[in-house]
Each structure stands twice: as structure tokens, then as C-alpha cells.
J.: 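My questions will all concern the structure given below.
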Amino acid sequence: MLVSLGFKKPYPTAIKLEDIPDELERNPAFFDFLKRVIK
Amino acid sequence: MICLADYDFPTRSASGFLIRYVVPRSEPPQLVGELCRKPLFTTLTFGDLIIAMGHGDPDTLTGQNEAVLMDTEHIPNVKGKIIKLVSCETGQKLGPALIDKGAVAFQGFKEDFVWVMDGDSILTPWADPWAAKALLPVVDSINAILDGKTNQEAFKIEQDGFSANIAKEEDELVRSCLEFDRDNAVSLGEPSAHIIRRPRITLPIPPPPLLLPLKLT
């Protein structure tokens, strides 16, 4: 599970690893967030 | 003072490590779970150290169930204190605002504090080896502060802890999270700031499982 301590984020602050691909496809904000984390 | 939210996966994971390794040696008030709320947080700010964990943004730190504990417009008495916030983005604005209000040192994160955890470890979060990779460096820095080490020394211990875990990490996502956390950790205020050393108290056995229900979404 990928978690963070963000407040009022437009992406989930707790997501199962297997759900990440679907969320990346569905949610541009989550895509941008992971793009910042994974350089 | 220590104030720990505990109501969803990330706060349960982080509070678990702090309950296991920090709370036994922190002085009252110890505001955990339902006690981690603004009325207590803002009135019980005696002592020389504030440790708080909850969801946050650049201006805001929240406690239990995202109730606001403080923001840049409403800051409790922090004069002369060292402040450690385990939260997201508070290093951007809230941290500098705390220094402006008289805190001698601040440590936090200027971006999201992010990690990989094992959702099956939720009853005994301190035993989660995945979360430990991100949370033990933070725990070690807090314990360094409680050992009387300076703001600068404690921050270096956190940075070195992240770097050591990055060096031995094989999972790309976990490694990226650790690098992101290390690179976005911030230390503000007086590098030589420190508190009076607290005794080292380690629980001989882990706490009992945390059975309180979590918010799952």
C-alpha cells in the first residue's frame, strides 16, 4: 500500500499497490504526484 | 508534548512507530488518537518540544479525522520550542511561520511524506518492515532530539538513515519514496538548538495490538 500524509489532496493518500495502474490512468493528479516521486 | 492522529492507514502506520519507539520517553501530554485535537493541542503546549503527526498541507497541520490543529494564521505558543512535524508539505509555509512565532527549530517535509506500508500490519504497525524503511529514520531523528542532540545533528541522523535505507533498497518504488522523503525533509531555525536530554526508555515488549477501527477510504 502506498500512503502519504497529504491533506485534501486530489489523489488518494492510501492506495493498494495493485490499484496504482488504474489510478494513474484515471487520475491526472495522481499521475503528476507519482511523476514527482519517481524521477 | 506529542500529538498523534490515528484513524486511517497512513496515520496508523506512522503513529504505530511513534507509539512503539517515542511515546514511552516523551513527557506528557501524550495526545494520541481521539485526544489529538485542537483544544488540547493549543492549550497544553508546555515543555520545550512539540512532536506532532497528522495529515498536512503547506499552511495546515491536522490531527484526528483531519481536524485542524494549527495553521499559519492560528499558531499556539511555540516560543523557544523545537518542533517536529511528521506530515506533508508543512515545511513550505507552516514551518517558517512557526519560526517567525518564536520556535527555535523546526523539522518537517516541504513535499508529501510518502512511503510503502503493509496493509496487513495494521494491528501491529510497528512490526511493518516496509514502513520501517521510511519511518525509522524519522523515529531516530526524534530520539536524537530527545537525547539532547542539536537540531542539526538530529536532522543529519534522519538524512543518513534515509540514505542508508536507499543504498540497500532493491524495490524501485520504495527507493523512490525514500529519496523523495530525504530530499524534501527540511530543518529550519537554529542549528544548535537542543532540549534537555530525556532518559532513554524502551518498552521491553511491543504494545498490544491496536484494535481501534480505521477509516478505510
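Naming: A, B, ... by sequence-line order, numbering from 1 per chain.
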J.: Rounded to the nearest 0.5 Å, what separation is found between the NE2 atom of B/His55 and the NZ atom of A/Lys9?
T.: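 Going from NE2 on B/His55 over to NZ on A/Lys9, the span is 11.5 Å.
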
J.: Answer yes or no: does atom CD of B/Glu66 have more than 12 heavy-atom neighbours from other residues, nucleotides or ligands under 6.0 Å?
T.: yes

J.: Given B/Val114 and A/Val37, is the side-chain contact (heavy atoms from CB on, under 4.5 Å) satisfied, shown in steps?
T.: CA-CA 9 Å; B/Val114 57; A/Val37 173; 4.3 Å; yes

J.: Out of A/Arg36, A/Lys8, A/Lys39, return the one with the most heavy atom pairs under 4.5 angstrom to chain B.
T.: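 Top count of heavy-atom pairs under 4.5 Å with chain B: A/Arg36.
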
J.: For a 4.5 angstrom cut-off between non-hydrogen side-chain atoms, does B/Cys177 reach A/Leu2?
T.: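 The answer is yes; the side chains approach within 4.5 Å.
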
J.: For B/Val174, which atoms come within 4.5 Å of any heavy atom of chain A: side chain, backbone, both, or neither?
T.: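 Contact with chain A is absent: no heavy atom of B/Val174 under 4.5 Å.
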
J.: So what's closer than 4.5 Å to chain A heavy atoms on B/Ser87: side chain, backbone, both or neither?
T.: both

J.: Which region of B/Asp57, side chain (C-beta onward) or backbone (N, CA, C, O), has a non-hydrogen atom less than 4.5 Å from a non-hydrogen atom of chain A, or is it both or neither?
T.: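 Both backbone and side chain.
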
J.: Between B/Glu89 and chain A, which part of the residue has a heavy atom less than 4.5 Å away: side chain, backbone, both or neither?
T.: side chain

J.: Going from CE on A/Met1 to CG on B/Asp128, what distance comes out if it is rounded to the nearest 0.5 angstrom?
T.: 11.0 Å

J.: State the OG1-CG distance between B/Thr11 and A/Leu5, to the nearest 0.5 angstrom.
T.: 7.5 Å

J.: Could you look at B/Glu179 and say if it's the side chain, the backbone, both or neither that has a heavy atom under 4.5 Å from chain A?
T.: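 It is neither, since no heavy atom gets under 4.5 Å.
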
J.: Within the supplied structure, the quantity of interest is the number of heavy atoms (other residues, nucleotides, ligands) at a distance under 6.0 Å from B/Lys38 NZ; does it exceed 12?
T.: yes

J.: Please round to the nearest 0.5 Å and tell me the distance separating atom OG1 of B/Thr60 and atom CZ of A/Phe7.
T.: 6.0 Å

J.: What part of B/Asp183 gets within 4.5 angstrom of chain A, counting heavy atoms only: side chain, backbone, both, or neither?
T.: side chain

J.: Please list, in residue-number order, every residue in residues 10-25 of chain A that has a heavy atom less than 4.5 Å from any heavy atom of chain B; write 'none' if there are none.
T.: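 When heavy atoms of chain B are the reference, residues 10-25 of chain A contributes A/Tyr11, A/Thr13, A/Ala14, A/Leu17, A/Ile20 within the under-4.5 Å range.
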
J.: In Å, rounded to the nearest 0.5 Å, how long is the span from OG of A/Ser4 to CZ of B/Phe109?
T.: 12.0 Å

